[in-house]
Amino acid sequence: PPRIVIAGAGHAGGSAAAFLRQYGWKGGITLVGEEANAPYQRPPLSKAWLKGEATAESLALRPARFYAQQNIELRLGTRLEVLDRAAKRLVLSDGTALGYDRLILALGARPRALPLPGADLAGVLALRGTIDADALQAALKPGARLAVIGGGYIGLEVAASARALGAGAVVIEREARVLARVAGADLSAFLERAHRARGVEIVTGAQVQAIEGQDGAARAVLLQDGTRIPADTVLVGIGAMPNLELAREAGLDCGAGIVVDLAARTSDPAIYAIGDCTQRPLPLYDRAGRLESVPNAIEQAKQAAADLCGRPPPPPEVPWFWSDQFELRLQMAGLAFDARETVVRGDMAADSFAVFHLDAAQRVLAVEAVNAPTDFMAGRLLVAKQARVAPDLLRDTATPLKDLAA
Ligand code: FAD
């Protein structure tokens, strides 16, 4: 029987293995993963796990027995090193070779490194996997001083968790506002206020010059304007780089990620790619892009498994994402490309609202909700339907959103 090898045992790879069995794949499935863990969820690493509120079991994507029960072979602690497309053969870090009939690349992304002096000092950390999270948790004792370089979601979440652990936290952002690349200005401003009100210092428009150390350990972050921010732990959270080098060297089409279609097929008919390592079509927005989210990893895992099992492709989903910071639950759906107008529904001062982004024709492009799950769900439907809604109706909390989506 034909064998599928899945390279990368993260959220996308682990989900693909499960969907393949669910959709009736009878052949072999081998899941090759560099990390020692079976597939697990990363979102808690900056949230519940960091605060000591999650266990290894609660992190796991499936219970340990699942893989044996489903006849999914796990090759963990093993890196894919060579991809030979002509021979349909892989070479792994343990020296073994592995043939495949179909290959799914689910290699994820890695933290972007900080190209500045002091980045190699002890106490300078990044966050992607459980090993990183354990090191960060050990450092964030009460009284510790954390500096986060990069005001993205991971940086803000870790800053919030650090405060909960009794550590001090400073977020240093190069742009004029946090989340500049991924959120609207209203949400950025709200989060800056929320963090400051809860004891996180936020410095925007700040260029880091170096991390200064003493005896090999980080002591401060030095900004270009001469400001020195004392810190014993520095989290570098300046984005992630897709792991696409193996695919590129093997000659697969690559852009911002490994280029795939809506069935997760690459430019080689025997090879699929899913998750953070891909550049995928965004059908609602008439363009392609890279999404870094659990819902995307699961959607693309479904696309690949469906195609491999001869099923029709699942209907495209609205991209969405969530983040938890303090007692704030953020839920975002859609992408605000070409947005012309924003409408706030609800009460920002009461920490419960949704921001809608509309295009020139008043179509709902995206929604960003804070502690407003009902408006988020209805908003996501408006995005999916590319509904045109008058801003006054959106703003009017007496009009239930689900009536507008109907
Ligand atoms: P990964 O889960 O990274 O899996 C890729 C795997 O491939 C890794 O285990 C890697 O070690 C392995 N690998 C890489 N190269 C090789 C190789 N050559 N050989 C073998 N194995 C290899 N998303 C949300 O939607 N909501 C959130 O709140 C959220 N919070 C997050 C918090 C943190 C701290 C992080 C790091 C991410 C968060 N994300 C969140 C993003 C989400 O976790 C990712 O989008 C998701 O994990 C992507 O799945 P993936 O399988 O593509 O990549």
Side-chain angles (χ1 to χ4, degrees), residues 5-17 30-50 54 59 61 74-83 90-94 98 103-112 125-134 136-137 148 150 152-158 160-161 182 235-237 239-247 249-250 257-258 260 264 272-278 280 290-301 304 317 319-325 328-333:
V5 175
I6 304 172
H11 218 119
S15 302
T30 301
L31 192 51
V32 178
E34 183 179 21
E35 290 180 274
N37 330 40
Y40 64 92
Q41 313 173 56
R42 289 174 209 282
L45 296 181
S46 47
K47 313 173 185 90
W49 177 265
L50 207 50
L59 234 50
L61 217 54
L74 291 179
R75 302 274 294 264
L76 301 175
T78 313
R79 207 180 141 72
L80 166 61
E81 291 194 328
V82 180
L83 162 53
L90 309 173
V91 181
L92 308 182
S93 53
D94 61 7
L98 190 61
L103 173 66
I104 302 178
L105 297 173
L107 301 170
R110 60 182 181 277
R112 184 188 295 273
L125 308 172
L127 179 55
R128 183 77 196 177
T130 51
I131 294 175
D132 307 324
D134 289 344
L136 192 56
Q137 194 190 44
V148 178
Y153 283 113
I154 290 181
L156 292 174
E157 289 173 357
V158 170
S161 299
V182 289
L235 177 74
V236 178
M241 311 269 290
N243 291 321
L244 50 65
E245 290 75 7
L246 275 164
E249 282 156 25
I258 305 169
V260 294
Y272 293 69
I274 58 178
D276 282 13
C277 66
T278 68
R280 52 157 292 165
R290 214 161 69 73
L291 298 177
E292 295 175 345
S293 72
V294 161
N296 173 64
I298 295 172
E299 183 188 15
Q300 288 188 295
E317 288 168 27
W320 72 276
F321 186 78
W322 78 91
S323 173
D324 295 314
Q325 299 169 32
L328 306 171
R329 159 135 285 214
L330 283 68
Q331 295 167 295
M332 286 70 64

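Counting convention: from 1, in listed order, for ligands and their atoms alike.
- Taking only non-hydrogen atoms, the option from Arg110, Arg42, Glu34, His11 nearest to atom 8 (C) of ligand 1 is Arg42.
- Under 4.0 angstrom from ligand 1, there are no non-hydrogen atoms of Tyr153.
- Distance CG/Leu127 to CG/Leu136: 6.0 Å, rounded to 0.5 Å.
- Distances shorter than 4.0 angstrom do not occur between any heavy atom of Ala7 and any atom of ligand 1.
- Considering NZ of Lys47 and OG of Ser323, their distance stands at 5.5 Å, rounded to 0.5 Å.
- Ligand 1 has no nitrogen or oxygen under 3.5 angstrom from a nitrogen or oxygen of Thr78.
- Considering CD of Gln325 and OG of Ser46, their distance stands at 9.0 Å, rounded to 0.5 Å.
- Close contacts of ligand 1 with Ala106, meaning ligand atoms under 4.0 Å from a residue heavy atom, involve 5 (C), 6 (C), 7 (O).
- When non-hydrogen atoms are compared, ligand 1 lies under 4.0 Å from the backbone of Val294 as well as from its side chain.
- The shortest N or O to N or O distance between Ser46 and ligand 1 is not below 3.5 Å.
- Shown in contact with Leu127 at under 4.0 Å from a heavy atom are these atoms of ligand 1, numbered in order with element: 34 (C), 36 (C).
- Each of the atoms 18 (N) of ligand 1 lies under 4.0 Å from some heavy atom of Leu246.
- Listed by atom number, the atoms of ligand 1 under 4.0 Å from Gly275 heavy atoms are 52 (O).
- For Thr278, the closest heavy-atom approach to ligand 1 does not fall below 4.0 Å.
- Listed by number with element, the atoms of ligand 1 under 4.0 angstrom from any heavy atom of Ile154 are 33 (C), 34 (C), 35 (C), 36 (C).
- Between the choices Pro295, Ala12, Pro43, the shortest heavy-atom distance to atom 31 (C) of ligand 1 belongs to Pro43.
- Considering both main-chain and side-chain atoms, Lys47 comes within under 3.5 Å of ligand 1 through a nitrogen or oxygen pair.
- From the protein, the heavy atom lying nearest to atom 45 (O) of ligand 1 is Asp276 OD1, 2.8 Å.
- Rounding to the nearest 0.5 Å places CD1 of Ile6 at 6.5 Å from CD1 of Ile274.
- Residue Ser293 has at least one heavy-atom neighbour below 4.0 Å for each of these atoms of ligand 1: 23 (N), 25 (O), 45 (O).
- Checking only distances, Gly33 never comes within under 3.5 Å of ligand 1, N or O to N or O.
- The closest protein non-hydrogen atom to atom 16 (C) of ligand 1 is Leu107 CD2, 3.6 Å.
- From the protein, the heavy atom lying nearest to atom 24 (C) of ligand 1 is Phe321 CE1, 3.3 Å.
- Within the listing of ligand 1, atoms 8 (C), 9 (O), 11 (O) sit less than 4.0 angstrom from a heavy atom of Glu35.
- Going from atom CG of Asn296 over to atom CZ of Arg290 covers 10.0 Å, rounded to the nearest 0.5 Å.
- Among Glu292, Arg128, Gln331, the residue whose heavy atom lies closest to atom 41 (C) of ligand 1 is Glu292.
- The closest non-hydrogen atom to atom 7 (O) of ligand 1, taken over Ser15, Gly8, Gly108, Ala273, comes from Gly8.
- With hydrogens and angles ignored, the 3.5 Å screen pairs a side-chain donor or acceptor of Gln300 with a backbone N or O of Gly275.
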